[in-house]
Amino acid sequence: MELVNLKDASDTVSFAQAVKKGLGKHQGLYFPNDIKPMENINELLALPLAERSTKILQHLVGDELGDELVETLINSAFTFPAPLAKVKKDIYCLELFHGPTLAFKDFGGRFMAQCLSSISDGAPVTILTATSGDTGAAVAHAFHGIENINVVILFPKGKISPLQEKLFTTLGDNIHTVAVDADFDACQQLVKTAFDDPEVREGLHLNSANSINISRLLAQVCYYFEAVAQLPEESRDKAVFSVPSGNFGNLTAGIIAKTLGLPIKRFIAGTNSNDTVPRYLSTGEWAPKPTVATMSNAMDVSQPNNWPRIEALVEQGYFDKALLLGEAVDEEYTQVAMRQLLQEGYTSEPHAAIAYRCLTKQLQEDEVGVFLGTAHPAKFKEVVENVLGQPLSLPKALVDASGKASLEVELPNDYEALKQHMFALLK
Ligand SMILES: *Cc1c(COP(=O)(O)O)cnc(C)c1O
């Protein structure tokens, strides 16, 4: 697979190089030059998740990694299911939260960790990533204990639910966590600055595990197939996917799945009040505003870093922008949606509820809606209990983590302070 830097067409790399580098020159994202559709989609849909996902990734990167290695990577990464739960007539939730950290980011994080450790040449690598919650946990768990890989995770201090923090600040060993006195966009900016600093980039062999890493996106393509495979056969070509979006990696993966030939009718990008994309889709003007904090905090992003990849899919002629609708849901309607879901007998959390709300507003007759359940409700226990007025029990992963001591270091929003800290830790 050849990938091109979207900011510099002369910078082309292999899949392995893109996985190792994360970002290219001028902070450009890597993206496949050419996405060939797959054949026999129906046969593919008949296979079990890991077997089908192996075939999808073999199609995408098998030429380079070899089919056998791809199979090993998928079998190590995809060890949990992605069930499609029927919520009511014609509306389903694709539950992506049955992995070790109870969020969809386990799929991409675990596949990326497998890729990196299998293609590394043994030299120590530093993963530097910013998280608004779920990425940190997924990356931390995926890399915990992997030799020669150190992980540094920045997160906005006080802006992540305490339980969520526990999932990644308590691991220790090769997992280093930093609470930055700033919001998520500022954390993301610190990461970008570090990648632009040759002393740090080369001195610590930096790699990013954000959703900018192409391996994560390619892994996420697989669960869109898993959703369609579980739909009643007569509904398969009527599916509208509603994707709760922050950095827009999840939606990018969905559009790649459609490009591969999966019969998805159209997409809805649901955001919270950080609505840069919905406004852009309706006005044509890209005008990010300062990020505001919401209860769907994994989507508190006003400058979504995967958006250029969606533009690339449009420019390459793979995707018709008319098939994407943006919709912003405010705090009040997020709560309304959570209560409506409960009335259907389905307990959900704010991110998925936003996507559900978009479906109930936008789904047309003769369409079937699938919204992505991006996190387990218990990850947002305080908010969910507050809104729904009933207690939630914790799954085992959370009970275990909540009993452990947090190990994060606190730093101001200051690049030099971060740089010193990383050198002290890792050099
Ligand atoms: C990361 C995350 C999102 C946003 O996904 P993107 O790929 O960044 O758009 C939505 N919901 C939850 C629970 C998340 O953790």
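This is a predicted model, so every value here is computed, not measured. Both counts, for ligands and for their atoms, begin at 1 and track the order of listing.
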List ligand 1 atoms under 4.0 Å from Ser245, heavy atoms only on the residue side.
9 (O)

Ala375: numbered ligand 1 atoms lying under 4.0 Å from its heavy atoms
13 (C)

Inspect the contact between Glu367 and Arg266 and indicate whether a charged nitrogen and a carboxylate oxygen are less than 4.0 angstrom apart.
yes

Distance in Å, Phe241 CZ paired with Leu372 CG, rounded so as to fall on 0.5 Å steps:
7.0 Å

Checking heavy atoms under 4.0 Å, the part of Lys105 that sits near ligand 1 is side chain

So is Ala298 polar-close to ligand 1, meaning N/O to N/O under 3.5 Å?
no

Charged N-O contact under 4.0 Å between Arg279 and Asp275:
yes

Looking at Asp11 and Lys25, does any basic side-chain N land under 4.0 Å from a carboxylate oxygen?
no

Atoms of ligand 1 under 4.0 Å from any heavy atom of Pro244, numbered from 1 in the order shown, are 4 (C), 10 (C)

CZ of Phe107 to OG1 of Thr79: how many Å apart, nearest 0.5 Å?
9.0 Å

Can you confirm whether the side chains of Asn174 and His144 place a donor and an acceptor under 3.5 Å from each other?
no

Decide whether an N or O pair under 3.5 Å exists between Gly246 and ligand 1.
yes

Identify, by atom number and element, the atoms of ligand 1 in contact range of His351, meaning under 4.0 Å from any of its heavy atoms.
11 (N), 12 (C), 13 (C)

If every non-hydrogen atom of Leu23 is compared with every non-hydrogen atom of Tyr30, which pair is closest and at what distance?
C-CE1, 3.7 Å

Within the 4.5 Å heavy-atom criterion, are Leu388 and Thr347 side-chain neighbours or not?
yes

Non-hydrogen atoms of Ala103 versus ligand 1: any pair closer than 4.0 Å?
no

Do any nitrogen or oxygen atoms of Asn250 lie less than 3.5 angstrom from nitrogen or oxygen atoms of ligand 1?
yes

Per-atom filter on ligand 1: closer than 4.0 angstrom to a heavy atom of Gly249 are 6 (P), 7 (O), 9 (O)

Is it the case that the ring center of Phe155 lies less than 6.0 angstrom away from the ring center of Phe168?
yes

Return a yes/no value for Thr374: is any of its N or O atoms, backbone included, closer than 3.5 angstrom to an N or O of ligand 1?
yes

When only distance counts, is Asn247 in polar contact with ligand 1, meaning an N/O pair under 3.5 Å?
yes

Report the part of Met299 in contact with ligand 1, treating N, CA, C, O as backbone and CB onward as side chain, heavy atoms under 4.0 Å; options are side chain, backbone, both, neither.
side chain

